[in-house]
Amino acid sequence: MNRIIRWFAMTMIIIWVVAPFIPLWLWSFSLRWRFPNLLPEVWSPRAWLYLLKPSSGVLDATIDSLVIAVVVTVVSVAIAIPAGRALGLYRFRGKRFMEFLILAPTIIPGLASVFGVHGLFLRYHLANSLVGVILVHLISSVTYATMVMWGVFSNYNPEFEEQGRVLGANPIRNFRYVTWPAIFPGIVVAALFSFLLSWYQYLLTLIIGGGKVQTLAMLLFNFARSGDRPVAGALSIIFMIPALIVLFVTSRYLTGENAAVSGLGGGR
Amino acid sequence: MKASMYLWWARFYSKGKVWILLSPALILVVFLFLGGLGFGIAESLNYMPIIGLNDPNFDAYRAIFSDKGFYKSLLLTLHVAITPTLLSVACALAFGLVLRQSFRGKKVFTFLFSFNLPIPHVVGAIGILFLFSQSGFFARIGHALGWMDMPAEFPIIVNDPWAIGIIIEYVWKETPFIGVIVLAILQSIGEDYEAVAQTLGANRWQRFRYVLLPLVLPGVLIVSVAVMAFFFGDFVIPAILGQTYPAVLAVEAVKDYTHYDLRNHPIGVAQALVIAAIGTVLVFLYMWLNRKFVRSDG
Amino acid sequence: MTHLVLNELSQTYSNTDKPALDRLNLDIKSGMLNALLGPSGCGKTTAMKMIAGILTPTSGDILFDGKSVLAIPAERRGAVMVFQNYLLFPYMSVGENVGFGLKMARMNKATIEKKVLEMLELVQLPGVQNRKPSQLSGGQQQRIALARALIVEPKVLLLDEPLSNLDAHLRDEMRELIRDIQRKMGITTVFVTHDQEEAVMLADKIALIFEGVLQQYDEPDVFYNQPGSLRAAKFFGGVNFLDGEYAANQMTTELGTFSAPRSSLDTGPGVLSIRPEDIEFGTTNDGDNTISARVNSHVYVGTYTKYKIDVNDFRFEVIAEANTKESFPDGSNVTIRFPADKIWILPKG
C-alpha cells in the first residue's frame with residue numbers, strides 16, 4: 001500500500017517537473033507543428049536565430065535586465081544586512097511595528113503602491129527611466145532579502161563579535177573576519193533571491209518604465225500573448241537560465257533547506 | 001579629541017544602533033511603499049492640488065462599486081486566490097508525507113521536487129498554455145490515443161471562465177514551495193511525537209489529525225498566506241491564462257490605469273487599493289480561520 | 001499486571017552490520033520495576049522502542065503474559081512509552097495532553113475530564129489542567145508526561161531516561177513518585193538509564209547492556225558485591241583491580257598472595273577487585289592480606305576523604321569516612337588491608 005502510494009507520488013513528481021518544459025523545447029525548434037501531430041512537422045532553428053538578431057531586441061533587453069537586477073541585488077543586500085541584524089538580534093520599543101512595516105510589501109501586492117509610485121516618479125522625473133525601475137524593484141527585493149537576513153541573525157550569536165573585539169579586531173576587520181563568514185550563506189540566499197525577484201519582475205517595470213525600459217520579462221510576456229509559439233518557447237528557455245544557475249549553486253554550496261528558501265524568489 | 005569623539009560615537013551608537021541599522025530599509029519602505037500608497041490614495045480621491053484638483057471626492061470608488069463587472073471580477077479573484085492555495089497546501093502535505101519516509105532515491109526525488117522553485121511563473125504559464133490549450137500537447141496525445149478528433153472537443157482549460165488554467169499554473173508552481181517548507185517542518189518535528197501518540201493508542205488517521213497536522217499547520221499557515229496574497233494581486237498569470245472578461249481585479253486595474261482616456265486613471269488606482277484592502281482582510285481572515293481550526297477539538 | 005518476556009530479541013539497522021541489539025533474553029516478572037542500564041548507544045532505547053511497538057524487531061519475540069505481541073501495532077499493544085524529553089503536545093493544554101489517550105479511545109468527554117483530574121492528583125499536580133505545557137517547569141512536564149501515560153492503564157510502562165533531564169533535588173522527588181505510583185498501580189515497568197546510581201536506587205532488577213549484548217541481569221546489590229565481569233565492575237564504580245592467578249581460595253599477585261574465598265571462577269588467571277570503601281587503613285604490617293603503601297594525595301569531600309595510595313607501581317583508591325580520627329598526610333607511609341570477605345575475584349579480560 002505504502003509502496004503504491006510512493007510510486008504514484010514519484011511518478012507525479014517526474015511529470016510535475018518535466019511536463020511543462022517538453023513543449024517549450026519542441027516548439028522552440030519547430031517551424032510548422034499543426035494539430036494533431038505529436039512532434040513538429042518541420043524542424044528549424046528559426047526562433048533561436050531570430051532571438052540572436054539585434055532587431056529582436058533580446059540582447060538589449062538582456063543587458064537592461066542584468067543591469068537592473070545586479071544593482072537591485074547589491075543595494076538590497078547592503079540594506080538587508082543591517083536591517084536583518086536589527087530585527088534578528090535586538091529587542092526595542094516599536095519592534096512589532098517595524099516588523100509589520102518592513103513585511104507589509106509581502107502581504108500588500110505591489111500593484112497597490114505602484115500606481116502611486118508612478119505618480120510620484122512622474123513629478124520627480126524618475127518615471128520611464130532605469131533608475132526609477134531600479135527603485136521600484138527595490139521595494140520587494142529589500143523586503144525579501146531582509147526576511148532572509150532576519151532569519152540568519154535570529155540564529156546568530158553576537159558574542160563571537162565581542163570575542164573578536166576583545167582579541168583586538170577593529171570593527172571593520174571584525175566584520176570581515178567574524179561576521180561575514182558567519183552570515184555568508186545567508187547573504188548568498190538573499191542575493192539570489194533579490195536577483196530573481198528583479199529578473200522576473202513584469203508589472204512594476206511596465207508601469208514605471210512606461211515602455212521605455214524593455215526588460216527580458218517584458219519581451220517574454222509580449223511573445224507569450226502574441227501567439228508566436230516557437231519564439232515564446234525559445235525565449236522562455238533563455239529567461240530561465242538564471243534560475244538554472246541558482247539551482248546549480250544552491251544544490252552545490254547550500255544545504256537543501258537554504259536552496260528551498262532561495263527558490264522562494266521565483267516568479268514573484 | 002579623538003578619544004572623546006570615539007566616546008561620543010560609542011554612546012550614540014549604543015543608544016540608537018537599532019535605528020541606524022534599520023534606517024536604510026525604513027527610508028525605502030516609507031518613501032516608496034508608503035509614499036506610493038499615500039499618493040495613490042490621493043489620486044484615487046481625485047485630490048491633486050498640483051494640477052488644481054483641490055476637492056477630494058469618492059467618484060472613482062462610486063464608479064467601481066456601482067459596476068456589476070467589479071463584483072464578477074472580485075468573485076473570480078477570490079476564487080483564483082483561495083482555491084489554488086488550498087489545493088497547493090493539500091498537495092504539499094501529501095508529497096511531504098511521502099517524501100519524509102526513507103526510501104531509495106529519496107534524495108533525487110527531493111531535489112526534483114524542489115526543481116521548479118526558482119522557475120518563473122511566466123515560463124510555467126507558457127508551459128501550461130502549450131500543454132492544455134485546445135490544440136495543445138495533451139489534446140494531441142488525446143488524439144493519438146483516439147479519444148478525440150478535433151481540438152474543439154478538448155475541454156476549455158486555458159482562458160476559461162473557471163480559471164482552471166490559472167489554478168493549474170499556481171498549484172504547479174507553489175506546491176513544491178509549500179511542500180519544501182512542510183518537509184523542513186516535518187524534519188524538525190521528528191517522529192517521536194507520533195510515536196508517543198501511537199503508544200497512547202492513536203491510529204494512523206488520529207496521528208495525522210491530532211498530532212502531525214497541528215504541528216505542521218502553523219508553519220504552513222505563514223507561507224500559504226504569503227502565497228495567497230501573491231495570487232490575489234498577481235497580474236501576469238491571469239493576463240496570459242485568464243479569460244478576457246471578466247478578468248481578475250489586478251488585470252482590470254491595470255487596464256483602467258493604462259487606458260488612453262485619463263479619466264479612467266483614478267478608477268484604476270482605486271481598484272488597486274481596493275485589491276490591497278480586500279487582500280489584507282482576506283489574509284487576516286485566513287489566518288484567523290486556520291488558528292481556529294487548529295485549536296478546535298474536532 | 002503483565003509478565004513481560006523478551007526472547008532472543010534482536011535489531012539490526014539497515015545501514016550497519018553490527019546489531020544494535022543482539023539476542024536479548026529477559027524475563028520480567030509481573031509488576032516489577034526494571035532497569036535497562038548501559039552507556040549511550042548500547043541498544044537499550046532500541047529495546048524499549050521494540051517493546052512499545054514503534055520499532056519492529058529484526059528477529060526474536062516479545063511476549064506479554066505468554067502471548068506474542070509482535071503482530072499487534074503500537075496503538076493497540078498497551079505498552080506506553082514516556083520519552084526522555086517528555087514530548088507534551090505543545091498546542092494542547094495540560095489537561096488535553098493527559099486525556100489524549102482516552103480521547104483516542106473515543107471515551108466520552110465527561111469521563112475523560114474526571115480521569116484527567118484523578119491523574120493530576122496522582123502525580124501531585126492538581127489544578128494545572130488549563131495551562132499550556134510551556135508554562136510548566138521541566139519536572140512538572142515530566143509528571144504530566146507520566147500522567148498522560150498512566151491514564152490509559154498500560155500493561156507495560158516504558159520510561160526513557162526518566163530522571164536525566166532533572167536537577168538533582170527534583171530527581172529524588174521524581175524517583176520517589178515513580179516508585180510510589182508503580183507500587184500502587186503494580187504496572188510492569190521498564191526504564192532506560194545510563195546512570196548506574198539511578199538504576200540502583202529505583203529498580204528491582206537491572207539488566208546491564210553493553211554494545212547490544214546483555215551482560216548481567218540481577219538485583220542491584222549484586223552488581224556491587226559480585227559483578228560478573230571487569231567491565232561491569234568498572235561501570236558500577238569499581239576502581240581497584242589487580243591481575244593475578246587464582247587457585248584454592250588464594251589470589252597470587254605481584255603484590256603478594258591474598259586469601260579470597262569469594263570468586264566468580266574456580267581457578268586460573270583472574271582479577272582481584274575491591275571497592276575503595278572496603279580497604280582498611282593502618283600503620284602496622286602484621287595482619288593477613290596487608291601490604292605497605294604510601295599516601296600519594298588526598299581530597300576532602302565533606303562526608304569522607306578520598307586517598308590515592310601507591311604500592312610500588314600500583315595505585316589504589318581508598319575512601320575513609322570523615323569521622324575516622326586518624327588522618328594521613330600526603331607522603332606518609334601506611335599499610336592497607338584487603339579484608340578477605342570483601343575481595344571479589346573476576347574473570348580476566
Side-chain angles (χ1 to χ4, degrees), chain A residues 5-6 9-10 13 16-17 19-21 23-24 27 35-36 38 79 82-83 85-86 90 92 98 101-102 104-109 111-117 119-120 135 138-139 142 146 196 200 202-203 220-221 224-225 232 236 239-240 243 246-247 251 257 259-260 263-264 266-268, chain B residues 18 21-22 24-25 28-29 32-33 35-40 43 95 98 103 109 111-124 126-128 130-131 135 137 140 143-144 151 172-173 177 180 184 226 229-230 232-233 235-236 240 250 253 257 268-269 272-273 275-276 279-280 283:
Chain A
I5 293 175
R6 193 183 300 151
M10 298 309 113
I13 288 178
W16 208 281
V17 172
F21 302 110
L24 288 184
W27 272 110
F35 188 86
L38 275 178
I79 293 178
R85 187 183 173 99
Y90 306 115
F92 52 92
M98 286 303 122
L101 205 59
I102 286 180
T106 61
I107 297 297
I108 300 171
L111 188 67
S113 57
V114 69
F115 294 153
V117 171
L120 277 175
L135 281 174
L138 276 175
I139 301 177
V142 163
T146 302
L196 286 186
Y200 293 160
Y202 170 78
L203 185 64
L220 180 60
F221 181 84
R225 304 228 295 181
S236 290
F239 192 57
M240 281 194 306
V246 165
L247 269 175
S251 67
E257 270 157 61
L264 213 148
R268 291 294 141 71
Chain B
V18 168
L21 292 170
L22 273 178
L28 194 92
V29 170
L32 286 176
F33 185 70
L37 222 50
F39 198 89
E43 246 180 323
F95 278 118
V98 174
F103 55 92
F109 279 105
F111 175 75
L112 280 180
F113 185 57
S114 62
F115 177 83
N116 75 4
L117 286 178
I119 304 293
H121 268 290
V122 211
V123 172
I126 296 170
I128 299 296
F130 289 1
L131 283 175
S135 61
F137 207 65
R140 289 160 199 251
H143 183 275
W172 174 79
K173 174 77 168 100
F177 169 52
V180 167
F230 166 74
F232 200 81
F235 168 82
V236 173
I240 295 175
Y257 188 78
V269 181
L273 292 167
I275 295 172
T280 311
V283 161

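Residue numbering restarts at 1 for every chain, and letters A, B, ... go by the order of the sequence lines. Predicted model only: the values in this text are computed from it and were never measured.
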Contact part of B:Ala253 toward chain A, heavy-atom cut-off under 4.5 Å: side chain, backbone, both or neither?
both
How about A:Pro109 and B:Ile275: do any of their side-chain heavy atoms sit closer than 4.5 Å?
yes
Under 4.5 Å heavy-atom distance to chain A, tell me which part of B:Val236 shows up: side chain, backbone, both or neither.
both
With side chains defined as the heavy atoms from C-beta onward, is the minimum distance between A:Leu220 and B:Val123 less than 4.5 Å?
yes
So, the part of B:Phe95 with a heavy atom under 4.5 Å from chain A: the answer is side chain
Winner by heavy-atom pair count (cut-off under 4.5 Å) against chain B, out of A:Ile107, A:Leu203, A:Ile102, A:Leu120
A:Leu120
Pick one of side chain, backbone, both or neither for B:Phe113, based on which atoms fall under 4.5 Å of a heavy atom in chain A.
both
Give, for atom CD1 of A:Ile13 and atom CZ of B:Phe115, the distance between the pair rounded to the nearest 0.5 Å.
13.5 Å
Output all residues satisfying side chain to side chain contact (heavy atoms under 4.5 Å, CB included) with A:Thr106, sequence neighbours left out; order by chain, then residue number.
A:Leu103, A:Thr143, A:Tyr144, A:Met147
Tell me, side chain or backbone of B:Val18 under 4.5 Å from chain A's heavy atoms, or both, or neither?
both
Which region of B:Phe232, side chain (C-beta onward) or backbone (N, CA, C, O), has a non-hydrogen atom less than 4.5 Å from a non-hydrogen atom of chain A, or is it both or neither?
neither
With heavy-atom distances below 4.5 Å as the criterion, would you say the side chains of B:Leu21 and A:Tyr90 are in contact?
yes
Non-neighbouring partners of A:Ala19 that pass side chain to side chain contact (heavy atoms under 4.5 Å, CB included), sequence neighbours left out:
A:Ile15, B:Leu131
Contact class of B:Val29 relative to chain A, heavy atoms under 4.5 angstrom
side chain
Ring centres of B:His143 and A:Phe35 under 6.0 Å apart?
yes
How far apart are the C-alpha atoms of A:Trp27 and B:Phe137, what are their side-chain angles, what is the distance that settles it, and do they pass the ring pair (Phe, Tyr, Trp, His ring centres under 6.0 Å) test?
CA-CA 10 Å; A:Trp27 272 110; B:Phe137 207 65; 9.6 Å; no
Tell me, for B:Phe235 versus chain A, whether the close heavy atoms (under 4.5 Å) come from the side chain, the backbone, both or neither.
side chain
If you tally heavy-atom pairs under 4.5 Å between each of B:Leu273, B:Asn116, B:Ile240 and chain A, the highest tally belongs to B:Ile240
Can you say whether B:Leu28 sits under 4.5 Å from chain A via the side chain, the backbone, both, or neither, judging by heavy atoms?
side chain
